[in-house]
Amino acid sequence: HLTVNQGVACSSQARGASKAMEIFHRFFLFLRLLLLTEKAGRDILKAMKTWKELLPSSLRDATSRSEGGSGAAERSLALPLGEQSPQVTEKARLPPRGSWQARQGLTEGVLIQKEKTMKKVILTGDRPTGRLHVGHYVGSLKERVRLQNSGEYDEIYVMIADAQALTDNADNPEKVRQNILQVALDYLACGIDPAKTHIFIQSMVPELTELSFYYMNLVTVSRLQRNPTVKSEIQMRNFETSIPVGFFCYPISQAADITAFKATTVPAGEDQKPMIEQCCEIVHKFNSVYGDTLVEPEIVLPQNAACLRLPGIDGKAKMSKSLGNCIYLSDEPEDIKKKIMSMYTDPGHLRVQDPGKVEGNPVFTYLDAFSRPEHFAEFLPEYQNLDELKAHYQRGGLGDVKIKKFLNSVMQAELEPIRTRRKEWELRLPEVVEILKAGSAVAEKTAAATLADVRKSMKIDYFEDDNLLK
């Protein structure tokens with residue numbers, strides 16, 4: 001009573017089991033042959049050594065000279081399977097037998113040289129679905145500027161991910177288009193320097209789409225469904241079963257973005273960790289199937305734990321443009337004050353004399369992220385530091401209004417220079433466009449080189465050197 005599909009499945013399983021038994025049988029025969037060969041080789045070497053000891057000294061020396069240094073080979077053969085002689089190890093530094101380095105025909109010396117010459121590259125970016133907010137700033141932007149100015153990186157790419165933004169805004173491309181310049185202005189205002197960093201638009205680099213297409217063959221649907229970031233984003237947007245395919249494949253697209261530039265470092269917020277992990281899985285899969293081609297990235301999280309994920313002003317776990325609970329980098333002073341004074345605090349702290357909770361209180365989380373010792377000296381001199389302020393709040397006698405006013409002063413001091421620089425760049429929009437053009441041209445050239453490497457590894461570079469005829 002099997003259906004056609006069930007019958008095909010059973011037949012396929014039976015053939016697979018039969019093939020597996022055949023492979024196991026051949027494997028064990030091969031293993032036995034290796035063991036016998038090793039034993040025989042050692043017996044022969046032992047006999048040769050005994051025979052040489054019986055010869056006269058003159059003949060023994062002549063025999064050694066005629067063998068021309070076979071002693072090194074003899075010592076190498078006499079070692080257990082998988083080991084290398086000290087001499088060979090010193091010269092070539094061969095990797096362990098069976099390792100991926102050995103399969104690629106690489107010696108340790110080559111690997112060390114490769115590590116020395118590998119560039120340090122940063123790739124990061126944002127979706128242009130609106131102006132950037134303080135969550136972006138403490139979660140990634142501030143770290144990007146620090147890394148950019150550290151002088152430790154050879155190349156830095158910052159991407160305005162318009163193609164990814166279209167995956168859940170396909171019916172409103174104008175929204176995405178208008179926000180490209182808004183995001184670029186926020187980048188420049190925060191200190192991203194076009195002389196050190198290539199700022200580019202994702203859709204202007206078509207090679208990224210082709211890479212995504214190839215990577216799709218290396219990822220299963222069930223693996224995408226298990227990605228925590230994808231799951232939470234789907235839930236937040238109420239997609240349920242009507243998930244756009246492009247949005248569902250977001251992790252694959254992001255892996256293409258990262259690997260196209262052979263990025264070694266990705267400054268991002270904590271919510272992006274599952275995405276980087278899945279990117280590393282794709283890199284491992286590709287390299288194991290097609291050979292060592294792609295570079296595995298590492299995520300760089302904010303150094304301040306409070307900056308890992310800044311909550312919204314309404315107390316929700318994530319600050320999000322779609323939830324309307326953000327303080328934007330470009331907000332005017334009166335807007336910032338209004339938002340801060342309406343912030344969620346400890347619901348149990350009803351009266352000034354009531355003890356208050358610091359944990360889970362967004363006002364204190366923001367102070368953890370933004371306040372510095374000099375802010376207390378300038379705006380709240382009765383306290384030496386944040387620890388004193390927290391202690392007073394916890395024992396009671398400190399009202400929410402006073403804390404919010406202090407936070408407002410801190411935020412105004414932090415955001416005022418950013419807002420000023422942004423307004424200066426707003427007067428130079430044609431120059432901003434030229435920065436995006438230049439960055440996109442460099443990005444496309446880099447991605448094209450990586451795509452050529454990928455095609456070569458996959459052996460689909462058919463018309464290069466008449467490869468199709470080989």
Side-chain angles (χ1 to χ4, degrees), residues 123-137 139-141 144-145 157-194 197-206 208-209 212 233 236-239 244 246-247 250 253-254 257 268-269 271-272 310 312-313 318-336 338-339 415 417-444:
L123 184 282
T124 186
D126 300 279
R127 289 158 43 99
T129 53
R131 295 171 296 155
L132 301 183
H133 52 65
V134 293
H136 292 115
Y137 179 67
S140 178
L141 282 171
R144 295 177 201 177
V145 175
Y157 297 89
V158 176
M159 178 179 71
I160 300 177
D162 63 321
Q164 289 179 4
L166 286 170
T167 61
D168 58 328
N169 291 279
D171 57 344
N172 192 7
E174 183 64 19
K175 171 187 174 183
V176 176
R177 188 187 72 83
Q178 289 182 354
N179 281 306
I180 287 175
L181 279 178
Q182 295 299 320
V183 171
L185 287 169
D186 285 332
Y187 284 161
L188 296 167
C190 287
I192 299 296
D193 185 353
T197 299
H198 306 295
I199 307 173
F200 70 97
I201 302 173
Q202 184 185 27
S203 63
M204 296 295 99
V205 185
L208 302 178
T209 305
S212 298
E233 293 287 340
M236 188 175 70
R237 288 168 173 77
N238 296 317
F239 279 153
F247 187 85
Y250 186 8
S253 171
Q254 194 171 74
D257 300 333
D271 61 326
Q272 292 300 307
L310 204 65
I313 59 174
K318 183 178 180 181
M319 179 177 288
S320 170
K321 289 172 278 189
S322 60
L323 296 176
N325 58 0
C326 306
I327 296 175
Y328 293 99
L329 297 174
S330 55
D331 275 346
E332 292 297 330
E334 57 271 19
D335 295 325
I336 295 171
K338 183 179 178 180
K339 291 178 179 180
L415 298 180
I418 296 174
R419 186 170 53 247
T420 300
R421 285 193 296 267
R422 195 181 199 278
K423 288 181 178 179
E424 292 172 356
W425 278 106
E426 285 174 353
L427 302 175
R428 302 157 60 188
L429 287 182
E431 188 177 341
V432 176
V433 173
E434 290 302 316
I435 289 171
L436 295 177
K437 279 184 182 179
S440 297
V442 174
E444 184 177 10

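This one's a predicted model, so the numbers in the text were calculated from it and none came from an experiment.
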Next item on the list: Measure the spacing between CD1 of Ile327 and CG of Leu329 and express it to the nearest 0.5 Å.
Entry: 10.0 Å
Margin query: Tell me every residue that passes side-chain hydrogen bond (donor to acceptor under 3.5 Å, both in side chains) with Asp162, counting only those two or more places apart in sequence or in another chain.
Written below: Ser203
Checklist line | CA sep, side-chain torsions, deciding dist, call: Val433, Leu181, side-chain contact (heavy atoms from CB on, under 4.5 Å) | finding: CA-CA 8 Å; Val433 173; Leu181 279 178; 4.1 Å; yes
Margin query: Going by ring-ring contact (aromatic ring centres under 6.0 Å, His included), name the pairs with one or both residues in residues 157-185, residues two or more places apart or in two chains.
Written below: Tyr157-His198, Tyr157-Phe261
Item checked: Lys/Arg cation over aromatic Trp425: Arg428, 6.0 Å, 45° cone -> yes
Notebook entry, point to check: Could you give the distance from CD1 (Ile313) to CE (Met319), rounded to the nearest 0.5 Å?
Noted result: 7.0 Å
Note to self: With heavy-atom distances below 4.5 Å as the criterion, would you say the side chains of Asp186 and Leu141 are in contact?
What the structure shows: no
Margin query: Minimum heavy-atom separation for Leu188 and Pro194, please, with both atom names.
Written below: CD2-CD, 3.8 Å
Next item on the list: Kindly determine whether Tyr250 and Glu233 satisfy side-chain contact (heavy atoms from CB on, under 4.5 Å), including the steps that lead there.
Entry: CA-CA 11 Å; Tyr250 186 8; Glu233 293 287 340; 5.7 Å; no
Checklist line | Heavy-atom pair of closest approach, residues Pro128 and Ala161 | finding: CD-O, 3.3 Å
Check: For the atom pair CG (Leu208) and CD (Glu444), what is the distance rounded to the nearest 0.5 Å?
Finding: 9.0 Å
Notebook entry, point to check: To the nearest 0.5 Å, what is the distance between CG (Leu185) and CD1 (Ile418)?
Noted result: 13.0 Å
Next item on the list: For the pair Glu424 and Arg421, find out whether any cationic side-chain nitrogen is under 4.0 Å from an anionic carboxylate oxygen.
Entry: no
Margin query: Taking the basic N atoms (NZ, or NE/NH1/NH2) and the acidic carboxylate oxygens, is any pair closer than 4.0 Å for Glu332 and Arg422?
Written below: no
Next item on the list: Could you pull out all residues at least two apart from Ser330 that satisfy side-chain hydrogen bond (donor to acceptor under 3.5 Å, both in side chains)?
Entry: Arg131
Note to self: Let me confirm one number: the CD-CE distance from Gln254 to Met159, rounded to the nearest 0.5 Å.
What the structure shows: 7.0 Å
Check: Where is the tightest heavy-atom contact between Ser440 and Ile201, given as atom of each residue plus distance?
Finding: OG-N, 3.2 Å
Next item on the list: For Gly130 and Val183, work out which heavy atoms get closest and say how close.
Entry: O-CG2, 3.7 Å
Note to self: Please find the pair of heavy atoms, one from Val158 and one from Gly125, that lie closest to each other, and give the distance.
What the structure shows: CG1-CA, 4.5 Å
Notebook entry, point to check: Are any of the side-chain nitrogens in Glu174 or Arg177 under 4.0 Å away from the carboxylate oxygens of its partner?
Noted result: yes
Notebook entry, point to check: Would you find a donor on one side and an acceptor on the other, under 3.5 Å apart, between the side chain of Asp331 and the backbone of Tyr328?
Noted result: yes
Check: Are any side-chain N or O atoms of Thr129 and backbone N or O atoms of Ala165, one a donor and one an acceptor, separated by less than 3.5 Å?
Finding: no
Note to self: Under the rule for side-chain hydrogen bond (donor to acceptor under 3.5 Å, both in side chains), what residues qualify as partners of Lys338, not counting sequence neighbours?
What the structure shows: none
Notebook entry, point to check: Could you state the interatomic distance from NE2 (His133) to SG (Cys326), rounded to the nearest 0.5 Å?
Noted result: 4.0 Å
Next item on the list: State which residues pass side chain to side chain contact (heavy atoms under 4.5 Å, CB included) with Ser253; sequence neighbours excluded, sorted by chain then number.
Entry: Gln164, Gln202, Ser212, Asp257
Check: At their closest point, which heavy atom of Val145 faces which heavy atom of Gly191, and how far apart are they?
Finding: CG2-C, 4.0 Å
Margin query: What verdict does the side-chain contact (heavy atoms from CB on, under 4.5 Å) test give for Arg127 and Asp168, after you've listed the backbone C-alpha separation in whole Å, the side-chain angles of each residue and the deciding distance to 0.1 Å?
Written below: CA-CA 11 Å; Arg127 289 158 43 99; Asp168 58 328; 2.8 Å; yes
Note to self: Quick one about Tyr187 and Asp126 (side-chain donor to acceptor, distance below 3.5 Å, no hydrogens or angles considered), yes or no?
What the structure shows: yes
Check: Which residues pass the side-chain hydrogen bond (donor to acceptor under 3.5 Å, both in side chains) test with Asn179, sequence neighbours left out?
Finding: none
